[in-house]
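Side chains included, hydrogens not; waters and symmetry mates left out as well; all remaining heavy atoms used. Nothing fancy with the numbering, it's 1 onward along the sequence. In each ligand, atom 1 is the first atom listed, and ligand 1 is the first ligand listed.
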Amino acid sequence: MSIYIGIIGLGTVGSGTVKILFENQKLIQKRLGCPLLVKKIAVRDPNLPRLVEVPETLLTTDVESIFRDPEIKIVVELIGGLEPARTFILKAIEAGKHVVTANKAVLAEFGKEIFRAAREKGVDIAFEAAVGGGVPIIKTLKESLVGNRIKALTGIVNGTCNYILTRMTEEGLSFAEALKEAQEAGFAEADPSLDIDGLDAAHKLALLTTLAYGTEITLEDIYVEGIREIEPLDLSFARELGFVTKLLAICKDTEEGLEARVHPALIPEAHVLASVRMAYNAFYIKGDAVGDVLLYGLGAGQMPTGSAVVSDIVDLARNVLSGASLRVPPLSFQLSDLQRLPLKPMEEVVSRYYFRFAAVDRPGVLSKIAGILGENEISIAAVIQKGREIGGSVPIVMLTHEAREKAVRRALSAIDELRIVTAPTKILRIEEG
Ligand code: HSE
């Protein structure tokens, strides 16, 4: 017996997947117990240059022929985007095929519909490559940590942002220069605003929060702030104060409720995520039984993402061979046990903060600012004022003790109204983990 698969899309991830399936065919066969064969690959234009050599006979422009082929048991959707990816996934399910996808956007937007359809049809759906590229975070949450309550998951989940912040911090590049490099390196989304405005990270966090807590979550539930506004000055102040700046995706079970948020944050240099540089991703999970777990690796790219796709294909092929579909629920929880848990509003989140005020350099300025912070119960942990006036103002950097976001917003809007303050205050949260 052989297991036949059909692939839709032969771009970067498709090529990586096919390369691994071809080059490691014998090894995979030894692990699976039978040959795993690509029967068809649907592409828009068979004449385009490819990153992998594929026998022409495998290529087709007729995607429907994959759904119609009774020998194909697993369909692998690798075209990305919302449509026609959603339609192709639903058609594959309708045709009784198991589905592998790398498409975080389609799952974040249409997951409910897709997972219900798969359940009703009795087919499996797997998406390891949708989060963290080659890093096995999905399987870790669904299977390895199944006995744990997840207390917190903090991730560096967007390689483009991590690359940009690393280059800005270490080499003093401007945001635009660092973004250009990231795009040239090929891991940025086709529309890089998805990366830098935090939406790619939010798509991933939506999936991770559901897997960790069994809550149905939509993108609108997640507080999202990207890295567009970060200035090299703040990165260098942060460094002087012993912190590195990262775009974090955080879900956390607190006494006051569940949090899910994406924003840049200062983390201490000794934090386990501080050494995650360039395009690398990492996931720092706290389980009630296991304690701390750290996963690290490449979150994008042809071969790492292909590695995750192949892992899903082999998983589903094993299910086919043993006739044991629906063994592991795709979202970790039984669909009937998914709830819509309320998320804590961002205003209620408690954090330490970094502020950079732009103020005139005059006696009494600091006491005025400190007074407003005090009135709002915000306690100052450290203050530095560097250099003298540039362009009419001087940067004053403050670190606070824990404060509630609501109080911080109230205080900063009063401070920014002061005549002695010459530009909106820069604010970054501090995550100590
Ligand atoms: N654009 C994403 C990143 C890669 O930069 O991490 C795919 O998820």
query: Hey, what's the ring geometry for Phe88 with Phe67, parallel, tilted or perpendicular (30° and 60° as the breaks)?
result: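 Geometry flag for Phe67 against Phe88: tilted rings.
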
Check ligand 1 against [X] and write out every atom of the ligand that is under 4.0 Å from a heavy-atom position of the residue.
X: Lys204; value: 2 (C), 6 (O), 7 (C), 8 (O)
X: Asp200; value: 2 (C), 8 (O)
X: Asp195; value: 1 (N), 2 (C), 3 (C), 5 (O)
X: Lys104; value: 7 (C), 8 (O)
X: Ala300; value: 4 (C)
X: Asn158; value: 2 (C), 3 (C), 5 (O), 6 (O)

In terms of side-chain heavy atoms, does [X] have a donor or acceptor partner in [Y] at a distance below 3.5 Å?
X: Thr218; Y: Asp221; value: yes
X: Ser193; Y: Asp191; value: yes
X: Glu405; Y: Tyr353; value: yes

field: Under 3.5 Å: N/O of Gly159 near N/O of ligand 1
entry: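 There is such a contact, yes.
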
- prompt: Is there at least one pair of N or O atoms, one from Asn281 and one from ligand 1, spaced under 3.5 Å apart?
  reply: no

task: Please write down residue, atom name and distance for the protein heavy atom closest to atom 5 (O) of ligand 1.
output: Thr160 OG1, 2.6 Å

- request: Identify, for atom 2 (C) of ligand 1, the protein heavy atom at the shortest distance, and state residue, atom and that distance.
  value: Glu189 OE2, 3.3 Å

message: Closer than 4.0 angstrom, basic N to acidic O: yes or no for Arg404 and Glu348?
response: yes

message: Under 4.0 Å between a side-chain nitrogen and a carboxylate oxygen: does that hold for Lys180 and Glu177?
response: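 The answer is no: the pair does not qualify as a salt bridge.
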
- request: Kindly confirm or rule out a cation-pi arrangement of Lys139 over Phe283, judged by NZ or CZ under 6.0 Å from the six-membered ring centre and within 45° of its axis?
  value: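 Lys139 over Phe283 ring: no.
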
